[in-house]
Amino acid sequence: MPELPEVETTKRGISPHVLQQRIANVTIRQRSLRWPIPDNIEQILTGQRITAIERRAKYLLLYLEHNTQKALLIHLGMSGSLRIAKPDDAILKHDHADIGFENGLILRYSDPRRFGCILWLDTPPIENKLLSHLGPEPLSEEFDGDYLWQKSRGKSIAVKQFVMDQKVVTGIGNIYATEALFTAGIHPNKAAGKVSKAKYALFVADAKRILERSITQGGTTLRDFVGGDGKPGYFAQQLLVYGRKGEPCPNCATTLKEIRLSNRSSVYCSQCQK
DNA sequence: ATTCTACCCTGCAAGC
DNA sequence: TGCTTGCAGGGTAGAA
């Protein structure tokens, strides 16, 4: 489920239940994620108090007391989720990891496809290979049209792949790239180096607006989620073109087309996106 | 240096 | 009903 808004709302949702709580026990049922969960993660975490949670791109960083330079790194991959569970809650098939607290609540990691990861960073996160090369956060001021325009000069790669490259900007996944390219009127297959500064400015403004709106909606989703209802309303948001191949363009009624870039679906309007 | 391809894994929907 | 196929919100390593 996770694109950036869902990771952000996951962070907001678990924070009140997890911050300042001391870890009483750790149970790993399936170590084989994208990379194996470290063998010693149980002993590293047990007895420690979680003092801070950060999101960087689609990664979550959980810091322990006296250890601001070390952190637990969690990524949800394509299908992962975190929820707050109670001791009596049933353990489902893909609930791979539990972090149990002294107050009895459990931070439970689930990931059917196991594309996510749970790693221990024992060097400053900024130095970690997975985090060091990440581009700016999409909601930061640093991310603007000029930045994208500058960064894209001379690139022949399709603009959609360019804006989904985490080295360029983090947190823009397939859905948001598809949507923002549509509202900005940019053909997904246009060479990144040939998109104008003005178009990039439109794209950035639209991407930020869509992400912010999704985060707002995600809050509602997460309250249900944490409460144990587990009904993600993520898709309830209005997507204009994503997943709507063959339907009329909401702007001009031309039938929406689909191309595949990097083997990922890209829906677009051939009339509105040039 | 940039761009492309294959791959990690399970679940689900569509088609036969 | 049951089988096969293709697709899914991500991101890396290594090849071209």
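As a basis for the values below, the full set of heavy atoms in this structure was taken, side chains included, without hydrogen atoms, waters or symmetry mates. In what follows, chains carry the letters A, B, and so on, assigned in the order in which the sequence lines appear, proteins first and then strands, with residues in each chain numbered from 1. None of the values given here were measured: they were computed from a predicted structure.
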What is the separation between atom CZ on R34(A) and atom C1' on dG10(C), rounded to the nearest whole Å? 8 Å
Calculate the interatomic distance between R260(A) atom CZ and dC7(C) atom C1'; express it in whole Å. 7 Å
Give K167(A) one of three labels, base, sugar-phosphate or nothing, depending on what nucleic acid heavy atoms sit under 4.0 Å from its own. nothing
dA6(B) and dG6(C), which share atom name P, separated by this distance in whole Å: 15 Å
Rounding to an integer number of Å, can you tell me how far K155(A) NZ sits from dC4(B) P? 12 Å
Please check this pair: side chain of R153(A) against backbone of W149(A), looking for a donor-acceptor N/O pair closer than 3.5 Å. yes
Minimum-distance nucleotide (side-chain atoms of I157(A) versus dG9(C), dC4(B), dT12(C)): dC4(B)
Sticking with atom P, work out how far dG9(C) lies from dT3(B), rounded to a whole angstrom. 22 Å
Counting only side-chain nitrogens and oxygens, does H94(A) get under 4.0 Å of the OP1 or OP2 atom of dC9(B)? no
Tell me the interatomic distance from W35(A), atom CH2, to dG11(C), atom C1', rounded to whole angstroms. 7 Å
Q161(A) side chain N/O closer than 4.0 Å to the phosphate oxygens (OP1, OP2) of dT2(B)? no
Is the phosphate of dG10(C) approached by R264(A) (side-chain N or O, under 4.0 Å from OP1 or OP2)? yes
I'd like to know if E6(A) and K58(A) make a salt bridge, using a cut-off of under 4.0 Å between side-chain N and carboxylate O. no
Any strand, both distances under 3.5 Å, Watson-Crick or G-U wobble: dC9(B) pairs with none
What nucleic acid atoms does S262(A) come within less than 4.0 Å of, heavy atoms only: base, sugar-phosphate, or nothing? nothing
With a 4.0 Å cut-off on heavy atoms, is S32(A) in touch with a base, just the backbone sugar-phosphate, or nothing at all? nothing
Considering only side-chain heavy atoms of R114(A), which listed nucleotide, dA8(C), dT10(B), dG11(C), is closest? dT10(B)
Nearest-Å distance, CG (N174(A)) to C1' (dA8(C))? 10 Å
Heavy atoms only, 4.0 Å cut-off, all strands: where does F162(A) land among base, sugar-phosphate and nothing? nothing
Rounded to the nearest angstrom, tell me the gap between atom CE in M164(A) and atom C1' in dT3(B). 15 Å
Hey, is the main chain of D111(A) close enough, under 3.5 Å, to the side chain of H96(A) for a donor-acceptor pair? yes
Taking atom P of dC7(B) as reference, at what distance in whole Å does atom CZ of R113(A) sit? 15 Å
Go through dG9(C), dT12(C), dG11(C) for me and flag the one nearest to the E6(A) side chain. dG9(C)
Quick one: is dT10(B) close enough that its OP1 or OP2 comes under 4.0 Å of any side-chain N or O from K93(A)? no
Strictly by modelled atom types, are T183(A) and D206(A) linked by a side-chain donor-acceptor pair under 3.5 Å? yes
Do any side-chain nitrogens or oxygens of H75(A) fall under 4.0 Å of OP1 or OP2 in dG11(C)? yes
Please determine if R83(A) and D89(A) form a salt bridge, counting it only when a charged side-chain N lies under 4.0 Å from a carboxylate O. no
Tell me, yes or no, whether the heavy-atom count around L92(A) atom CG, taken from other residues, nucleotides or ligands under 6.0 Å, exceeds 12. yes
OP1 or OP2 of dG9(C) versus the side-chain N and O atoms of Y176(A): is any pair under 4.0 Å? no
Phosphate OP1/OP2 of dA8(C): any S265(A) side-chain N/O under 4.0 Å: yes
Are F115(A) and dC8(B) stacked, counting the six-membered base ring, centres under 5.5 Å, planes under 30°? yes
For the pair made of CD in E258(A) and P in dG6(C), what is the distance, rounded to whole Å? 14 Å
